[in-house]
Amino acid sequence: MRVTDTLMETLGIESVELEKDRVVMTMPVESRHHQPYGILHGGASVALAETAASIGAWLNCDQENELAVGLEINANHLRPKRDGIVTAEATPLHKGKKTMVWDVKIRDEQEKLICISRCTMAIVPNSK
């Protein structure tokens with residue numbers, strides 16, 4: 001899995017736990033992650049959520065022949081965050097042959113929910 005020169009590297013997203021039924025990733029919250037009002041940009045949260053769901057789905061694929069790509073994502077931003085670290089925990093709601101649906105909860109250091117998301121992944125052939 002390529003991590004350099006990707007959005008993961010740009011945003012500082014790091015893997016904590018990578019299992020077929022649970023993916024945990026962290027992301028710092030710094031000025032580069034802010035929207036103009038000085039709080040975490042919702043798009044950064046969505047990028048973290050989709051990254052966690054994508055990796056989780058990929059772990060459940062035939063990794064030699066399939067890829068997991070985002071098909072749909074929604075997010076509810078529940079609380080602002082100015083700095084620190086956020087942690088995403090992704091767990092599968094549905095693991096099918098062609099699609100997977102993942103639930104992602106993003107929390108702050110005090111375990112308060114910052115964002116909740118549901119991401120549908122398409123399982124597609126790896127054309128290499």
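The structure places CD1 of I114 at 8.0 Å from OG of S45, a figure rounded to the nearest 0.5 Å. The distance from the CE atom of M100 to the NE2 atom of H94 is 8.0 Å, given to the nearest 0.5 Å. Atoms CE and CE, on M8 and M25 in that order, are 3.5 Å from each other to the nearest 0.5 Å. Taking OG1 from T51 and CG from L7, the interatomic distance works out to 6.0 Å, rounded to the nearest 0.5 Å. Between the CE atom of M27 and the CD1 atom of I13 there is a distance of 6.0 Å, given to the nearest 0.5 Å. We find the CD-CD1 distance between E14 and I85 to be 8.0 Å, quoted to the nearest 0.5 Å.
With R79 contributing its side chain and L113 its backbone, the two residues share a donor-acceptor pair below 3.5 Å. Between the R82 side chain and the G38 main chain, a donor and an acceptor come within less than 3.5 Å of each other. Between the side chain of H33 and the backbone N or O of H41 there is no donor-acceptor pair closer than 3.5 Å. A donor-acceptor pair under 3.5 Å is formed between the side chain of R32 and the backbone N or O of T10. Side-chain atoms of D103 never come within 3.5 Å of backbone atoms of T91 as a donor-acceptor pair (strictly under, hydrogens ignored). Listed for the E19 side chain is no donor-acceptor partner under 3.5 Å among the backbone atoms of D21.
When all heavy atoms of G12 and P28 are compared, the pair lying nearest together is O-CD, 3.2 Å. Taking every heavy atom of both residues into account, N60 and W102 meet most closely at ND2-CZ2, 3.7 Å. A pairwise comparison of heavy atoms in M121 and G70 identifies CE-N, 3.4 Å as the closest pair. G56 and V23 get closest at one heavy-atom pair: CA-CG2, 3.5 Å. Of all heavy-atom pairs spanning A53 and A90, the tightest one is N-CB, 4.2 Å.
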Working note: K81 + E109, criterion salt bridge (Lys or Arg N to Asp or Glu O under 4.0 Å); need CA distance, chi angles, decisive distance, verdict.
CA-CA 11 Å; K81 178 81 172 150; E109 301 91 338; 2.6 Å; yes

Using side-chain contact (heavy atoms from CB on, under 4.5 Å), reason through L11 and L48 one step at a time and then give a plain yes or no.
CA-CA 9 Å; L11 294 177; L48 174 60; over 6 Å; no

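Within the 4.5 Å cutoff, side-chain heavy atoms of V46 are placed close to those of H77. A heavy-atom distance below 4.5 Å is found between the side chains of H34 and V29.
L18 and V104 fall within a single hydrophobic cluster, where Ile, Leu, Val, Met, Phe, Trp and Tyr are joined by side-chain heavy atoms under 4.5 Å apart, directly or via other members.
The side chain to side chain contact (heavy atoms under 4.5 Å, CB included) test with C115 singles out one residue from I106, V86, N76, and that residue is I106.
Within a 6.0 Å radius of CZ in R107, other residues, nucleotides and ligands contribute more than 12 heavy atoms.
Screening residues 48-71 for salt bridge (Lys or Arg N to Asp or Glu O under 4.0 Å) gives no qualifying pairs among residues at least two apart or on separate chains.
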